[in-house]
Protein chains: 2
Amino acid sequence: MESASTFYTGVPRHLVAVDGIIFGFEDSRLKLLVIQRKVDPKQGEWSLVGGFVQEGESTDAAAARVLKQTTGLENIFMDQLGCYGEVERDSGARVISIAYYALIRVKEHDHILAEEHGAHWLELHQIPPLIFDHGRMIADALKKLRDNAHFHPIGFELLPEKFTLSQLRSLYEEIYQHELDRRNFRKKLLAMNILEKLEEKDKTTSKKGAHLYRFDKQKYEQLTRRGFVFEI
Amino acid sequence: MESASTFYTGVPRHLVAVDGIIFGFEDSRLKLLVIQRKVDPKQGEWSLVGGFVQEGESTDAAAARVLKQTTGLENIFMDQLGCYGEVERDSGARVISIAYYALIRVKEHDHILAEEHGAHWLELHQIPPLIFDHGRMIADALKKLRDNAHFHPIGFELLPEKFTLSQLRSLYEEIYQHELDRRNFRKKLLAMNILEKLEEKDKTTSKKGAHLYRFDKQKYEQLTRRGFVFEI
DNA sequence: TCAAAAGTGTTTCAAGTACACCCATGT
DNA sequence: ACATGGGTGTACTTGAAACACTTTTGA
């Protein structure tokens, strides 16, 4: 393919990175996994987890790899946030970065592995200034998380398999940063018919105990095919 | 910065392209600008407009440059769609592509320039199979256009400065692919208070003539700051 | 027995939807 | 005079928002 090699040769090549905005939910708080950078430039400063896209590796795969390296988790909900392509965004070199955000169950991830990488879970209002354009990435990720959570049942990715309605509500209160009416929330969610009520109760937060529920993905997809639209 | 050069050296570099999904609105139809590719591989086949990101050029700038080269237009509404990073997506080489969609006023663009590039405006249902993953890019762009148009007044980017309410309505009918009630649409839009009613009338489509309106961006932004949310 | 969270029901209000009629005018 | 698209008003329906009371049980 002679002409092909003509078309692609002589074209400048670029360093391409992936950065991960990793959300977690713990103690009724939305948290973010950030690390203290181990390499220069900006060694020791706060940063998102990231890495370079390798040859023969898709950007999605690179993001999944980086996530696994820091948390030990696989098959995690991830969505691409977008490309950050300003020339001067990385002070060390011209790097084009593809940002991904991920939702993980904090309890399930490998805390020891994360610590080895200098990783910390911080609440949203505790996030220090980050290197490069990582602050903007987080802002964009939060916006996308909110938009996405509004019409898709991605919130469940942040909760344990079994959860109470109070937990679910406080999750959305954290995501949207405003209170939701306890009774209306319950009514709305149960009316959707996508939660499976379990016999077990969670007694850690009240004497009476709150029923545990499980997200019924089967039922959700079935309803979706019939035109149902999730909305919170 | 010795350690910095250590960190970045030896890292694989990639070809990075931008591809443009360019929407236009003409004769009450939503259209897409596609070209017949002039280079191998896939010469002669249908493709989106695109090009490679140069050194010292941001991805946004590259997308704007490609748009200008094919249409002659500058300062156009553009939004990033996302990164397409599969390893085998381009059969000629490993190319990471950043897709952008743009909304342009068809009347204002340089038709001669476009023709030189083998460009054609095609209606959505006329789009032939495209090379690589361009078909998927279009599907994604349409989805994003719909989502975006739902809560942001981006539709006006596709209309001439002065337009009738009927034109505006048929634009949204095209975007959403379903009919909207003529009377309710008018009521809703006028109630928003973001349209400036002009004295002029457009008599091309009726004997009575329809009033022309102009989108009042000032007023829209003012209302937005007060919490107003556009929705159609 | 009482504090604290869980669970249930009702009323109100706003926004969307459906729909019918009059208006202006070129042919 | 009439056909054609432009313009206006009203009744209905649905769903969100606001809100008060009862239940359970460990301390």
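Here the structure is a predicted model, which is why all the values come from computation and not from measurement. Proteins get letters first, then strands, A, B, ... in listed order; numbering begins at 1 in each.
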A:D202 CG to D:dT24 P, in whole Å, measures 18 Å

For the base of D:dG7, is there a side-chain donor-acceptor partner from B:R182 under 3.5 Å away?
yes

For nucleotides 25-27 of chain C, list the nitrogen or oxygen atoms of the protein found under 3.5 Å from its nitrogen or oxygen atoms, one pair per line.
unit_1 : atom_1 : unit_2 : atom_2 : d
C:dG26 : OP1    : B:K203 : NZ     : 3.1

Please work out whether the ring planes of A:Y172 and A:F185 are parallel, tilted or perpendicular, with thresholds of 30° and 60°.
tilted

Which label fits A:H178 and A:Y176: parallel for a plane angle under 30°, tilted from 30 to 60°, or perpendicular past 60°?
parallel

Determine: side-chain N/O of B:R186 to OP1/OP2 of D:dT8, distance under 4.0 Å, yes or no.
yes

Nucleotide D:dG7, atom P - distance to CG of B:N184 in whole Å:
16 Å

Checking C:dG7, D:dT8, D:dC19 against the side chain of A:A210 (C-beta onward), the nearest is C:dG7

Donor-acceptor pair between A:T59 and B:Y84 side chains, under 3.5 angstrom:
no

Check this for me: does the side-chain of B:R183 come within 3.5 Å of the base of C:dA20 through a donor and an acceptor?
yes

Verify the contact: side-chain N or O of A:S166 to OP1 or OP2 of C:dA6, cut-off strictly under 4.0 Å; return yes or no.
yes

Contact nearer the 5' end of DNA chain C, comparing B:K188 with B:D181
B:K188

Fit a plane to each ring of B:F23 and B:Y101, take the angle between them on a 0 to 90° scale, and name the class: parallel (under 30°), tilted (30 to 60°) or perpendicular (over 60°).
perpendicular

Which of parallel (below 30°), tilted (30 to 60°) and perpendicular (above 60°) describes A:F156 and A:F215?
parallel

Please state whether the base of D:dT10 and the side chain of B:K187 form at least one donor-acceptor pair under 3.5 Å?
yes

Is the CZ atom of A:R136 crowded by more than 12 outside heavy atoms at less than 6.0 Å?
no

